[in-house]
Amino acid sequence: MKKIIISGGGTGGHIFPAISIANAFKERFPDAEILFVGAEDRMEMEKVPAAGYKIVGLPVAGFNRKAFWKNIAVLRKLLRSMRMAKQTIKNFQPDVAVGVGGYASGPTLRAAEKAGIPTILQEQNSYAGVTNKLLSKKAAKICVAYPDMEAFFPKEKIVLTGNPVRRDLLEMDGKKVEAIQYFKLNPAKKTILVLGGSLGARTINQSIIHGLQQIAASDVQLIWQTGKFYYQDAVKEMSAYSHENVHVTEFISRMDLAYAVADLIISRAGAGSISEFCLLKKPVILVPSPNVAEDHQTKNAMALVKHDAAILVRDADAEEQLIGVVLQTAGDDVRLSQLSAHIYELALPDAANKIVDEIVKVIK
């Protein structure tokens, strides 16, 4: 019986690929034992059990880059997490440990290394995170989603696999008609999907609010996911305009339907989302978040822009420029077709199974 530990999380961008890898491994080896290790106060503690897997939570937290004195508590949590990770490895005795990025993967993979257990990294972004760079020195393989990652990792360990995505999002046959009914849309109008993230992307939401008058006067319709922190503001601002061409929601539970009907997407530039847009051939306008380590979202976006596979609007410019760019692009069928064709050229399908192939090689 094969036993693997999958560690990491913190955001959906880390958690959903981790669960996809686990599902692909379980399909191939139904009797396999899979244990997740995450951060005890992050969303993986809810999402992983909901997917049917056991998870151990570590008290690990990120370093505070602004108030360094607060890091005394962070160091204590890290030391405790390292002890717990060591005990977890000892108790579970995995054949391999897979790190997907996020706070918990550092202590877990370090403990696995010290116990002589092989490790595999999965780096989702075009700019590698600090934890993965440190862990790469002893990793057996590093599965990446972008070419030219030799700047961060030893070349001989790199395997270009792509990022795993949720399988339900890729099964699109016949869903556009269902989506039009579900969101109560006009089938004759172009549909713009605005993704503010599960919590909300302040700049994207502010830009939509700023442009509501232009949107109301245009011939497009919006599915606008605000995230929980911005929903009330959006509803309040909407009251001054016709609601018939804007479907505003805090959270989209049927993302497959939203993707199926979208002619153009506005989104942050998280690696997981970008992988989905590539596989679904979706034209996208990216507004990278400036509040992430090493500005990696801008680097993710530029990896597409240099292939004319996406449009970039910088966060600082979004409130003034975003709606104009959106309406111009949505009205240009030739441009939409170009973006769709170019982004699909960058797609890396079946990533979860490719990563499982690497896990199997390492176990053998």
Side-chain angles (χ1 to χ4, degrees), residues 12-13 16-17 20 124-126 145-146 162-180 182-183 185 187 189-198 201 204 207-208 215 220-225 247 249 251-289 297 300-313 318 322-323 325-351:
F16 293 126
S20 295
Q124 287 118 14
N125 292 293
S126 63
Y146 292 87
N163 283 326
V165 303
R166 292 166 280 180
R167 189 172 296 172
D168 66 307
L169 299 182
L170 303 179
E171 294 161 356
M172 288 291 164
D173 288 352
K175 284 190 176 177
K176 187 167 184 178
V177 173
E178 186 185 348
I180 286 165
Y182 182 86
F183 292 108
L185 299 171
K189 289 186 175 183
K190 292 265 175 62
T191 301
I192 316 295
L193 173 60
V194 184
L195 299 176
S198 54
I204 291 177
S207 301
I208 300 299
I215 294 162
V220 302
Q221 56 198 347
L222 255 65
I223 301 171
W224 178 14
Q225 180 199 317
H247 176 98
T249 179
F251 178 75
I252 298 173
S253 57
R254 289 296 305 274
M255 189 59 76
D256 57 328
L257 296 184
Y259 277 152
V261 79
D263 296 293
L264 178 65
I265 297 172
I266 303 166
S267 174
R268 288 302 200 191
S273 298
I274 285 176
S275 296
E276 291 170 359
F277 305 150
C278 290
L279 287 161
L280 293 167
K281 301 172 68 170
K282 290 295 171 180
V284 61
I285 296 171
L286 297 170
V287 186
S289 170
Q297 285 205 2
N300 289 347
M302 290 307 298
L304 270 66
V305 170
K306 73 180 183 182
H307 293 285
D308 191 34
I311 294 169
L312 170 66
V313 175
L322 182 60
I323 297 305
V325 173
V326 167
L327 295 178
Q328 183 183 355
T329 308
D332 186 343
D333 287 341
V334 173
R335 185 73 184 118
L336 288 174
S337 293
Q338 285 173 342
L339 289 167
S340 176
H342 294 165
I343 201 167
Y344 189 59
E345 287 169 8
L346 303 178
L348 291 166
D350 208 24

Check whether any side-chain N or O of Arg166 sits under 3.5 Å from a backbone N or O of Phe16 as a donor-acceptor pair, and report yes or no.
no
Salt bridge (Lys or Arg N to Asp or Glu O under 4.0 Å) partners of Glu178, counting only residues at least two apart
Arg254
Considering all heavy atoms of both residues, which atom of Val165 and which atom of Glu276 are nearest to each other, and what is their separation?
CG1-CG, 3.7 Å
Could you walk me through whether Ile343 and Leu280 pass side-chain contact (heavy atoms from CB on, under 4.5 Å), step by step?
CA-CA 9 Å; Ile343 201 167; Leu280 293 167; over 6 Å; no
With heavy-atom distances below 4.5 Å as the criterion, would you say the side chains of Ile266 and Ile208 are in contact?
yes
Report yes if some heavy atom in the side chain of Ile252 is under 4.5 Å from a heavy atom in the side chain of Tyr259; otherwise report no.
no
Could you tell me whether the side chain of Val220 reaches within less than 4.5 Å of the side chain of Thr191, counting heavy atoms only?
no
So Ile223 and Val194, do their side chains get closer than 4.5 Å, heavy atoms only?
no
Taking Leu170 as the fixed residue, which of Asp256, Asp350, Leu279 is the one that meets the side chain to side chain contact (heavy atoms under 4.5 Å, CB included) rule?
Leu279
For Asp263, give me all partners under salt bridge (Lys or Arg N to Asp or Glu O under 4.0 Å), at least two apart in sequence or on another chain.
none
Please enumerate all residues that pass side chain to side chain contact (heavy atoms under 4.5 Å, CB included) together with Ser20, with sequence neighbours excluded.
Pro164, Ala352
Is a side-chain N or O of Asn163 found less than 3.5 angstrom from the main chain of Gln124, in a donor-acceptor match?
yes
Closest heavy-atom pair, Pro187 versus Ile180, reported as atoms and distance to 0.1 Å, is CB-CD1, 3.8 Å
Rounded to the nearest 0.5 Å, what separates atom SG in Cys278 from atom CG in Leu346?
5.5 Å
Sequence-distant partners of Asp332, side-chain hydrogen bond (donor to acceptor under 3.5 Å, both in side chains), two or more places apart:
none
What are the two closest non-hydrogen atoms of Val261 and Ala179, and how far apart are they?
CB-CB, 3.7 Å
Partners meeting side-chain hydrogen bond (donor to acceptor under 3.5 Å, both in side chains) with Lys282 (sequence neighbours left out):
none
Using the test side-chain hydrogen bond (donor to acceptor under 3.5 Å, both in side chains), find all partners of Gln328 that sit at least two apart in sequence or belong to another chain.
none
Is there a side-chain contact (heavy atoms from CB on, under 4.5 Å) between Val326 and Leu264? Walk through the geometry before answering.
CA-CA 8 Å; Val326 167; Leu264 178 65; 4.3 Å; yes
Testing the basics here: between Ser207 and Ile323, what is the closest heavy-atom pair and its distance to 0.1 Å?
O-CG1, 3.5 Å
Side-chain heavy atoms of Ile192 within contact of Gln221, under 4.5 Å
no
Tell me, please, which residues at least two apart from Ser273 pass side chain to side chain contact (heavy atoms under 4.5 Å, CB included).
Ser267, Phe277
For Met172 and Ala260, work out which heavy atoms get closest and say how close.
SD-CB, 3.5 Å
Could you tell me whether the side chain of Ile285 reaches within less than 4.5 Å of the side chain of Leu312, counting heavy atoms only?
no
Is it true that a side-chain atom of Gln225 and a backbone atom of Thr249 form a donor plus acceptor pair closer than 3.5 Å?
no
Between Leu169 and Met255, is any pair of side-chain heavy atoms under 4.5 Å apart?
yes
side-chain hydrogen bond (donor to acceptor under 3.5 Å, both in side chains) partners for Ser126, two or more places apart
Asn300
Side chains of Ile204 and Arg268: closer than 4.5 Å at any heavy-atom pair?
yes
Across all chains, not counting sequence neighbours, the side chain to side chain contact (heavy atoms under 4.5 Å, CB included) partners of Ala310 are Val284, Leu286, Leu304
Under the rule for ring pair (Phe, Tyr, Trp, His ring centres under 6.0 Å), what residues qualify as partners of Tyr146, not counting sequence neighbours?
none
Of the non-hydrogen atoms in Leu336 and Pro283, which two are nearest, and what is the gap between them?
O-CG, 3.6 Å
Scan for side chain to side chain donor-acceptor pair (under 3.5 Å) pairs involving residues 339-348, sequence neighbours excluded, and state none if there are none.
Asp308-His342
Just to verify, what does Asp333 make a salt bridge (Lys or Arg N to Asp or Glu O under 4.0 Å) with, not counting sequence neighbours?
Lys190
